[in-house]
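We number each residue from 1, following the sequence as shown.
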Amino acid sequence: MSYVRALIPLGLLCLALAWPPSVPGQAFELPVPATSYPDEDPAAAVYPGLDPADPAVERALQDALRRDRRNVTAMAQLALLQAWRGPRGRWERDYERAAALAPAGSPEARYVRWSWGWALFAGGDFRGALTQWQAAEQAHGGRPYWVPATYAIALWAMGERDLALQFFAVAAREQPQRWGSAEATAATVARWRPNERFAAESLAARHDGHAP
């Protein structure tokens with residue numbers, strides 16, 4: 001799988017995508033799961049080295065932006081760090097700027113939406129997170145592999161439990177090594193943030209029939 005240009009020497013995987021912001025008052029539609037999501041997507045990744053407690057991470061991202069003020073992937077990653085640390089404010093403006101700068105239809109633009117979704121999820125805005133991820137899926141144009149599990153987590157946190165389980169069932173079937181059992185899920189999300197991990201493990205337990 002190919003990835004966007006490397007940003008920092010910390011092994012961060014980089015991705016992306018640009019999409020028009022949602023319109024206030026726009027009707028929100030719940031997604032419907034497809035039968036399969038076979039497509040790769042270089043604009044979605046895990047953050048193995050993005051530790052908000054490590055000052056070296058932020059310094060590296062700031063250095064990347066000093067070298068190139070239009071480095072939208074570094075901009076989005078820095079915004080995610082800020083979102084993990086506290087309330088909304090500056091990081092939302094940084095995401096808006098990154099989305100505006102990213103070339104339309106590019107992996108960088110998709111990455112911005114992917115990352116923005118996780119920032120919103122961290123702050124408890126689950127519907128906002130799902131909206132960003134839906135924009136990323138639309139911009140992809142196919143059926144990217146990350147959709148079932150990611151949508152399931154957002155929907156579960158929103159209280160849409162039945163629909164969340166439908167999406168999770170697709171993820172468990174298509175990626176059993178990651179989502180096919182409670183044990184596989186626990187290993188997959190071991191380094192995730194607490195609210196993300198709780199949603200994923202709750203889904204896996206219900207899918208396995210171990211929760212009411």
Side-chain angles (χ1 to χ4, degrees), residues 1-22 39-125 128-129 131-141 144-147 149-150 153-154 188-197:
M1 182 154 58
S2 61
Y3 293 92
V4 257
R5 64 182 162 163
L7 297 177
I8 59 176
L10 294 174
L12 296 182
L13 302 177
C14 303
L15 333 101
L17 138 23
W19 196 261
S22 58
D39 299 329
E40 293 294 329
D41 185 5
V46 186
Y47 304 95
L50 204 59
D51 181 357
D54 184 353
V57 176
E58 183 169 358
R59 285 197 300 269
L61 290 169
Q62 294 283 11
D63 287 345
L65 283 170
R66 277 191 287 272
R67 291 191 298 271
D68 179 4
R69 300 304 301 176
R70 300 179 67 87
N71 187 331
V72 297
T73 310
M75 197 177 301
Q77 289 180 325
L78 191 58
L80 182 59
L81 280 181
Q82 294 165 348
W84 283 346
R85 289 172 179 163
R88 297 163 78 153
R90 177 184 167 186
W91 63 263
E92 288 190 294
R93 295 192 294 273
D94 288 343
Y95 273 121
E96 290 167 1
R97 183 167 180 264
L101 287 172
S106 68
E108 289 84 1
R110 282 202 311 281
Y111 175 72
V112 172
R113 296 296 168 180
W114 166 265
S115 175
W116 201 341
W118 287 111
L120 290 168
F121 192 98
D125 185 355
T131 298
Q132 293 293 345
W133 292 328
Q134 286 176 297
E137 181 192 10
Q138 271 191 288
H140 180 280
Y145 72 92
W146 53 265
V147 164
T150 309
I153 291 164
T188 298
V189 304
R191 298 181 63 187
W192 287 24
R193 296 180 65 75
N195 60 344
E196 300 163 2
R197 190 167 61 247

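Looking at W114 and D41, their side chains never come closer than 4.5 Å, going by heavy atoms from C-beta outward. With contacts defined as side-chain heavy-atom distances shorter than 4.5 Å, the pair E137/P144 qualifies.
Looking at residues two or more places apart in sequence or on another chain, you find a salt bridge (charged side-chain N to carboxylate O under 4.0 Å, His left out) between R85 and E58. Not counting sequence neighbours, the partners of A119 by the side chain to side chain contact (heavy atoms under 4.5 Å, CB included) test are L80, A83, W91, Y95. For R90, the salt bridge (charged side-chain N to carboxylate O under 4.0 Å, His left out) partners at least two apart in sequence or on another chain are D94. The side chain to side chain donor-acceptor pair (under 3.5 Å) test applied to D39 returns no partner, not counting sequence neighbours. Shown here are the side chain to side chain donor-acceptor pair (under 3.5 Å) partners of R193, two or more places apart in sequence or in another chain: there are none. Looking at residues two or more places apart in sequence or on another chain, you find a side chain to side chain contact (heavy atoms under 4.5 Å, CB included) between R97 and M75, L101. Taking the side chain to side chain donor-acceptor pair (under 3.5 Å) definition, one finds that E92 meets it with R88, sequence neighbours left out.
Here the shortest heavy-atom pairing between A53 and P55 reads O-CD, 3.3 Å. In plain terms, the two heavy atoms of A99 and R113 that are nearest each other are CB-NH2, 3.5 Å. The heavy-atom pair separating I153 from E196 by the smallest distance is CG2-O, 4.5 Å. The minimum heavy-atom distance between A64 and A74, with the atom names listed, is CB-CB, 4.0 Å. When every heavy atom of L81 is checked against every heavy atom of P52, the shortest pair comes out as CD2-CA, 3.6 Å.
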Could you go step by step and tell me if T150 and W118 meet the side-chain contact (heavy atoms from CB on, under 4.5 Å) rule? CA-CA 10 Å; T150 309; W118 287 111; 4.1 Å; yes
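A distance of 12.5 Å separates CG in N71 from CZ in R66, rounded to the nearest 0.5 Å. Here L65 contributes atom CG and T73 contributes atom OG1; the two are 10.0 Å apart, rounded to the nearest 0.5 Å. Atoms CH2 and CZ, from W133 and F121 in turn, are 6.0 Å apart once rounded to the nearest 0.5 Å. If you take CD on E96 and CH2 on W116, they are separated by 5.0 Å, rounding to the nearest 0.5 Å.
Side-chain atoms of D51 never come within 3.5 Å of backbone atoms of V57 as a donor-acceptor pair (strictly under, hydrogens ignored).
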